[in-house]
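This report concerns only the one structure given below.
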Amino acid sequence: MSKNNSLAHFEPVNLYEFEALAKLKLPKMVYDYYCSGADDQYTLQDNIEAFKRLRLIPRVLIDISAQDISTTILGVPSSFPLIIAPTAMQRMAHHEGECATARAAAKNGVIMTLSSWSTTNIEDVAKAAPRAPRWFQLYVYKDRDVTAKLVRRAEKAGYLAIALTVDTPRLGRREADIHNKFSLPSHLTMANFTNDDGEKSHMEKGSGSGLAAYVASLIDRSLSWKDIAWLKSITRLPILVKGIVTRADAEIAVRNGVAGIIVSNHGARQLDTSLATIDCLEEVVAGAQGKVPVFVDSGIRRGTDIVKSLALGAQAVQIGRGVLWGLAVGGEEGVDRVLKLLRDEFELALGLCGCRTVKDIRRDMVVRTSELSFGLTQSNGHLHGMSNYSNHSRL
Ligand SMILES: Cc1cc2nc3c(=O)[nH]c(=O)nc-3n(C[C@H](O)[C@H](O)[C@H](O)COP(=O)(O)O)c2cc1C
Ligand SMILES: CC(C)CC(=O)C(=O)O
């Protein structure tokens, strides 16, 4: 790291420390918007707690001297099983916003998903890292022409897939945004849209959350499964659905010909008290019946969380806020650091589990603490209750 940047004096060693630093740097309105969950934020907390309820079962004396943590996602190589989730309005975190994220993603060999509601437009983000793989996240607007134009622009600019967000027919109620009367700072725009006069789209300040009013005015609440066919008719890009948390919806998604499923509760920003995604993952994987890849996000903060997600059937994870914290702390360099940190944590956890590659990850490496009703108590040098999980042979 260079001496002159904001990380010179304190080097965060995990995502929580990145968040603490980001909080110091960001205006309160922006930090609150990024970190908030919906309502009482029970799900926000549970997204993290649920990972703690899962424990890893290490295996030993396996040669891990030549680890390879790379993988392939929809046919595209990825340096490790992580995708950058779409998060809106990244130039509130750093003046280079989405371009900085795109460059850091390219440097680290991971896919970046650009939000429809980005503060840099589709084409400029593509130019920032022209050869890197990118997905485009889509919200469907009441005006279908606007939606179709966005999809065509993403296709033309070389984005490789459309991640259709399906959990936001209405915006969840984020109370801090209401208190703060959140709106996009006036020097920024929703860069993918122009109004009838050709001016870039802004967000009006209102008596409550300007974002909630903006979303209510634009998003098509009538969106339903039949629209997948419509979307498929206007693009040749693969379509993933983002925001599935049940087996039933996964089955319907597969029947509708999606190319992938992203298990997500939107970082707990939509329906409070819904389940943590890691607790839904296996059900969704069952619903996907091995026909399409399943990805998961919401609450991933550690390399161990990535190992657990893969053990429960995800092909890769997505991270949202972690990238925003990196961006706020140090722009491209900060995101680069966040990605490297997660990569290193993942490689270490994988190795300590006795895995050389991503393919070595297995379901029985993870156990729910609730399944250990007999407890993880130590006696005579043995862990009671562990035998069920450790008597398989891997060599
Ligand atoms: C500030 C913020 C903005 C977001 N914007 C979008 C968005 O524009 N489109 C979308 O599909 N999801 C959006 N999400 C949800 C993320 O894509 C992702 O599902 C979530 O952040 C994952 O949880 P995590 O933050 O705990 O990693 C946003 C999340 C945050 C925190
Ligand atoms: C512009 C917003 C709808 C972006 C979003 O998905 C969020 O804030 O969670």
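First listed ligand is number 1; within each ligand, the first listed atom is number 1.
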Worksheet item: What protein heavy atom sits nearest atom 6 (O) of ligand 2, and how far off is it?
Response: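 The answer is Y139 OH, 2.5 Å.
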Item to complete: Quick one: look up the protein heavy atom nearest atom 1 (C) of ligand 2 and list residue, atom name and how far away it is.
Response: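 Protein heavy atom at minimum distance: W117 CE3, 3.1 Å.
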When only distance counts, is [X] in polar contact with ligand 1, meaning an N/O pair under 3.5 Å?
| X | answer |
| --- | --- |
| D297 | yes |
| G299 | yes |
| G320 | yes |
| I300 | no |

Practice prompt. May I ask whether W117 places a heavy atom under 4.0 Å from ligand 1?
Written response: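 Contact check W117 vs ligand 1: negative.
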Fill in: Non-hydrogen atom of R301 closer than 4.0 Å to ligand 1
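Within the 4.0 Å threshold, so yes.
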Considering only heavy atoms of [X], which atoms of ligand 1 have at least one such atom less than 4.0 Å away?
| X | value |
| --- | --- |
| T165 | 10 (C), 11 (O) |
| S264 | 19 (O) |
| S115 | 7 (C), 8 (O) |
| S298 | 22 (C), 23 (O), 26 (O) |
| L324 | 1 (C) |
| G267 | 19 (O), 20 (C), 22 (C), 23 (O) |

Practice prompt. For R53, look at atom CZ and say whether over 12 heavy atoms of other residues, nucleotides or ligands are found less than 6.0 Å away.
Written response: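 Yes, CZ of R53 has more than 12 neighbouring heavy atoms, counting only those of other groups under 6.0 Å.
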Decide whether the shortest distance between a heavy atom of [X] and an atom of ligand 2 is less than 4.0 Å.
| X | value |
| --- | --- |
| R174 | yes |
| Y33 | yes |
| T168 | no |

Practice prompt. Ignoring hydrogens, just give me the one of R269, R321, Q318 whose non-hydrogen atom is nearest atom 2 (C) of ligand 1.
Written response: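 Comparing heavy atoms across R269, R321, Q318, the nearest one to atom 2 (C) of ligand 1 lies in R269.
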Worksheet item: With a distance cut-off below 6.0 Å to the six-membered ring centre and an angular limit of 45° from the axis, does R269 pair with Y33 as a cation-pi contact?
Response: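 Yes, cation above the ring, under 6.0 Å and within 45°.
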